[in-house]
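In this chain, residues are counted from 1 in sequence order. Just so we're clear, the structure is a prediction, and the values are computed from it rather than from any experiment. Note that these values count all heavy atoms, side chains included, but never hydrogens, waters or copies made by symmetry.
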Amino acid sequence: VGCGAAAGISSVFNAPIAGVLFSLEIILGDFNIKTFSPVLLSSVVASVVTRTFLGDHPAFAVPSYSLVSAWEIPLYVGLGIVMGVYGVGFTRSLEFFEDVFEKLKIPDITKPALGGLLLGSIAVFYPQILADGYDTIKLTLYGNIGIGLMLVLIMAKLAATCLTLGSGNSGGIFAPSLFMGAVAGGAYGVLIHFLFPSLTATPGAYALVGMAGMVAAATHAPMTALLIIFEMTSDYRI
């Protein structure tokens, strides 16, 4: 299971190092060399096979970022707190939706259909919440999306993910966490850059950091979150 999880993360996100740490941090909870070696081998082989067929391209091409001033460090700490609270809200909301669907007095086979109907009702107005949302994430990284829409998507994506998983449909939390982190971090970045324009980077930098923060909050795997952002962007400067 640990080897398969590492290979899956490695292949889907083009992130072999993060795949290894995800398996060790979340699935196995064991960094013993006997555990580490097969997981590492599985992740690297999966990455080689995937890149052979699909090429070695980062998931997100990002603009150049830098730390504009030392005053940004406490602002990033603040973003971490925001992401932590958002992560708790997401986790509890997911548990709530699972309980609600479990208690519904309808046949189990109709629960995913109901979840899909409610999800579709949101997606009619905000289609950005569908699929992996990578296009929307890219817009946040380049600052090409308004704060009003980002604020709406913060809750819309949370509701969409909870409806999907809570009703028994197929899905995960990794890609949704990246999306939610990007829009929440981007909105935070817009506000901070408006208040301190000469001391802060562009909102895209906060969107990228927000992605890592939300993945860490949702999975309790901070090292995996750190490295998956590095690998998905092929940019270690952030």
Side-chain angles (χ1 to χ4, degrees), residues 12-15 57-68 72 75-87 89-90 93 118-164 171-218 225-226 228-235 237-238:
V12 173
F13 296 102
N14 196 12
H57 309 292
F60 304 114
V62 297
S64 178
Y65 297 127
S66 64
L67 192 69
V68 176
E72 280 199 285
L75 296 177
Y76 281 121
V77 172
L79 177 58
I81 295 172
V82 170
M83 290 297 104
V85 173
Y86 190 20
F90 172 50
S93 297
L118 296 173
L119 171 63
S121 300
I122 301 173
V124 167
F125 302 99
Y126 300 101
Q128 297 92 339
I129 65 172
L130 297 174
D132 54 25
Y134 279 11
D135 289 339
T136 302
I137 292 175
K138 291 173 184 176
L139 291 177
T140 66
L141 296 178
Y142 281 89
N144 293 330
I145 183 170
I147 186 172
L149 180 56
M150 285 192 287
L151 290 173
V152 172
L153 291 177
I154 288 172
M155 299 310 300
K157 185 63 175 181
L158 184 150
T161 306
C162 291
L163 284 169
T164 300
I173 64 168
F174 237 108
S177 294
L178 292 171
F179 183 103
M180 289 186 281
V183 292
Y188 180 92
V190 170
L191 177 62
I192 292 301
H193 194 62
F194 174 77
L195 295 175
F196 311 105
S198 62
L199 299 177
T200 58
T202 58
Y206 290 86
L208 189 57
V209 173
M211 290 165 67
M214 188 59 181
V215 171
L226 197 68
I228 200 167
I229 298 304
F230 288 157
E231 291 191 286
M232 293 184 75
T233 61
S234 290
D235 187 342
R237 288 171 295 178
I238 198 66

Would you mind reporting whether I229 and L208 have side-chain heavy atoms less than 4.5 Å apart?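 The answer is yes, as the side chains (C-beta and beyond) meet within the 4.5 Å cut-off.
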Side-chain heavy atoms of V183 within contact of K157, under 4.5 Å: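 No, too far: nothing below the 4.5 Å cut-off.
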Taking atom [atom1] of [X] and atom [atom2] of [Y], what is their separation to the nearest 0.5 Å?
| X | Y | atom1 | atom2 | result |
| --- | --- | --- | --- | --- |
| M155 | C162 | CE | SG | 8.5 Å |
| F60 | T233 | CZ | OG1 | 9.0 Å |
| N14 | H57 | CG | NE2 | 9.0 Å |
| M214 | L79 | CE | CG | 11.5 Å |
| M211 | L178 | CE | CG | 4.5 Å |

Which residues satisfy the side-chain contact (heavy atoms from CB on, under 4.5 Å) test with L151, sequence neighbours excluded?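 Checked L151 against side-chain contact (heavy atoms from CB on, under 4.5 Å); matches are I147, I154, A187.
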side-chain contact (heavy atoms from CB on, under 4.5 Å) with S234: which residues, sequence neighbours excluded?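 S234 satisfies side-chain contact (heavy atoms from CB on, under 4.5 Å) with P58 only.
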Considering residues at least two apart in sequence or located in another chain, which fulfil the side-chain hydrogen bond (donor to acceptor under 3.5 Å, both in side chains) criterion with S66?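 Not a single residue meets the side-chain hydrogen bond (donor to acceptor under 3.5 Å, both in side chains) criterion with S66.
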Between [X] and [Y], which heavy-atom pair has the shortest distance, and what is it?
| X | Y | result |
| --- | --- | --- |
| A225 | A216 | CB-N, 3.6 Å |
| G84 | A217 | CA-CB, 4.2 Å |
| A184 | M83 | CB-CE, 3.3 Å |
| A218 | I173 | O-CD1, 3.8 Å |

Identify every side-chain donor-acceptor pair in residues 119-143 under 3.5 Å, counting partners at least two apart or on other chains, and give the distances.
{"residue": "S121", "atom": "OG", "partner": "L117", "partner atom": "O", "Å": "2.9"}
{"residue": "D132", "atom": "OD1", "partner": "Y134", "partner atom": "N", "Å": "3.1"}
{"residue": "T140", "atom": "OG1", "partner": "I137", "partner atom": "O", "Å": "2.6"}
{"residue": "Y142", "atom": "OH", "partner": "A61", "partner atom": "O", "Å": "3.0"}

According to side chain to side chain donor-acceptor pair (under 3.5 Å), does anything in residues 172-199 pair up with another residue at least two apart or in another chain? List the pairs.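 Matches after skipping sequence neighbours: H193-T200.
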Could you note down all residue pairs passing side chain to side chain donor-acceptor pair (under 3.5 Å) where residues 202-217 supplies at least one of them, sequence neighbours left out?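 For residues 202-217: E72-Y206.
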Under the criterion side-chain contact (heavy atoms from CB on, under 4.5 Å), I'd like the reasoning laid out for Y86 against L158: C-alpha separation, chi angles, the key distance, then a yes or no. CA-CA 10 Å; Y86 190 20; L158 184 150; 3.6 Å; yes
Residue list, ring-ring contact (aromatic ring centres under 6.0 Å, His included) with Y65, at least two apart or on another chain: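 Per chain and number, Y65 pairs via ring-ring contact (aromatic ring centres under 6.0 Å, His included) with no residue.
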My understanding is that only residues two or more places apart in sequence, or in another chain, count here; which of them pass ring-ring contact (aromatic ring centres under 6.0 Å, His included) with F174?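 By the ring-ring contact (aromatic ring centres under 6.0 Å, His included) rule, F174 matches F13, F22.
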